[in-house]
Number of protein chains: 2
Amino acid sequence: MNPLSLSNQLCFPFYAISKEISKRYRPLLAPLNLTYPQYLVMLVLWEQDFIPLKTIGERLQLDSGTLTPLINKLIELGYVKKTRNPDDERQLVITLTEKGGTIKEDAMEIPAKINEVLGLDEEEFIRYRQLLDELACRLNLSAGDDC
Amino acid sequence: MNPLSLSNQLCFPFYAISKEISKRYRPLLAPLNLTYPQYLVMLVLWEQDFIPLKTIGERLQLDSGTLTPLINKLIELGYVKKTRNPDDERQLVITLTEKGGTIKEDAMEIPAKINEVLGLDEEEFIRYRQLLDELACRLNLSAGDDC
DNA sequence: TATATTTAAGTTGTGTGCAATTTAATTTTA
DNA sequence: TAAAATTAAATTGCACACAACTTAAATATA
């Protein structure tokens with residue numbers, strides 16, 4: 001057994017599947033003019049508006065080098081705006097615009113469509129998510145850390 | 001239950017775990033001066049040398065826009081070289097240099113180290129791989145297609 | 001066999017992803 | 001309280017990832 005064989009490593013299927021998933025999101029996100037990472041930022045904001053850039057970065061594991069241009073793009077699209085925390089001028093606080101709030105309605109359709117596109121039923125979805133959550137815990141990627 | 005919540009989607013854990021895995025590869029690959037995608041190309045070549053660029057792209061699901069500069073970097077590192085198929089001058093055939101063959105010995109250490117870094121024992125490794133293989137099949141990402 | 005079509009790489013442009021550095025604001029501490 | 005350390009964004013530079021397009025070679029077909 002060759003340990004270097006692609007088929008004998010975890011890394012490659014993870015890499016390939018992850019790329020494939022974001023590829024299948026692309027046509028669903030196109031009507032909203034969002035890329036997959038931009039959509040993730042919007043998900044964070046729809047869950048909690050008026051949030052520091054720092055916190056978005058912690059949730060998504062992204063640094064300012066990635067987020068700064070991404071947020072600028074979302075501003076250009078008219079979905080968010082930047083404010084500063086008056087108590088700490090270093091902090092950039094991101095808020096949804098009205099338009100950014102409105103497209104949430106369209107985005108609500110996406111999770112169901114994605115499961116369809118991925119060909120997963122409810123049971124499979126839950127099974128995969130459990131395994132991923134478990135692995136995320138093991139890699140210390142969980143927010144809650146109750147694992 | 002909010003369907004748009006990060007924690008209720010498959011996409012995000014996949015995205016986060018995939019990034020985390022390649023992050024954990026980075027220090028292991030640094031001594032070889034390889035990035036993670038470059039390492040994947042080397043894995044393909046160590047499995048089968050003298051292979052068309054096209055075929056590498058099919059294995060890794062990457063197009064020439066990604067592979068051309070990546071291969072140029074591997075040439076710069078002295079690990080591979082380009083030749084043309086004399087029977088079809090369109091085809092670029094990639095071959096390992098002596099140096100590219102030699103570093104395979106160092107790379108042999110990596111799979112074991114990665115499982116250690118990810119904190120997975122043999123049993124868990126197999127369990128995760130089965131699930132990923134299953135999902136890859138379902139997404140039509142498998143070469144064999146026997147699923 | 002000349003023309004059209006297809007195919008393989010390469011090129012260009014946009015958008016991440018991340019390391020390393022810079023800038024400005026805040027906090028620590030000497 | 002002035003200087004040092006820390007913190008949050010922004011900037012710079014490099015390397016993917018991929019869509020769209022170009023170029024050159026091979027194949028198909030009229």
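Note that this is a predicted model, so its numbers are computed, not measured. In what follows, chains are A, B, ... by sequence order, proteins preceding strands, each numbered from 1.
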For Y25(A), ring-ring contact (aromatic ring centres under 6.0 Å, His included) partners two or more places apart:
Y36(A), Y39(A)
Assess whether atom NZ of K23(A) is packed by more than 12 heavy atoms of other residues, nucleotides or ligands within 6.0 Å.
no
So [Y] and [X], do their side chains get closer than 4.5 Å, heavy atoms only?
X: R138(B); Y: E124(A); value: yes
X: D63(A); Y: T66(A); value: yes
X: P52(A); Y: N85(A); value: no
X: L131(A); Y: R127(B); value: yes
X: K19(B); Y: Q61(A); value: yes
X: I114(A); Y: I21(A); value: no

Tell me, with the steps shown, if L141(A) and I17(B) meet side-chain contact (heavy atoms from CB on, under 4.5 Å).
CA-CA 8 Å; L141(A) 288 174; I17(B) 293 171; 4.0 Å; yes
Chain B footprint on DNA chain C, 5' to 3' - any atom under 4.0 Å from a heavy atom:
dT7(C) to dA19(C)
Where is the tightest heavy-atom contact between [X] and [Y], given as atom of each residue plus distance?
X: L77(B); Y: N33(B); value: CD1-O, 3.5 Å
X: L139(B); Y: R24(A); value: O-NH2, 2.8 Å
X: M108(B); Y: P111(B); value: O-CD, 3.5 Å

Looking only at side-chain N and O atoms, does E98(A) offer a donor or acceptor that is under 3.5 Å from a partner on Y79(A)?
no
Going 5' to 3' through nucleotides 22-29 of chain D and flagging B where a protein heavy-atom sits under 4.0 Å of the base, S where only the sugar-phosphate is that close, and - otherwise, we get ---BS---
So what is the end-to-end bend of the helix from dT1(C)-dA30(D) to dA30(C)-dT1(D), with 5 pairs used at each end and the value given to 10 degrees?
0°
Pairs under 3.5 angstrom, nitrogen or oxygen only, protein versus nucleotides 14-18 of chain D, please.
| residue | atom | partner | partner atom | Å |
| --- | --- | --- | --- | --- |
| dA15(D) | OP1 | K73(B) | NZ | 3.3 |
| dC16(D) | OP1 | T35(B) | OG1 | 2.8 |
| dC16(D) | OP2 | Q38(B) | NE2 | 2.8 |
| dA17(D) | OP2 | Y15(A) | OH | 2.5 |

So which of residues 44-53 of chain A are in contact with DNA chain D, with a heavy-atom cut-off of under 4.0 Å?
L53(A)
Just do the side-chain hydrogen bond (donor to acceptor under 3.5 Å, both in side chains) check on E134(A) and Y128(B) with the steps written out, would you?
CA-CA 10 Å; E134(A) 193 187 308; Y128(B) 285 120; 3.1 Å; yes
Electrostatic pair E58(B):K54(B) at N-O distance under 4.0 angstrom:
yes
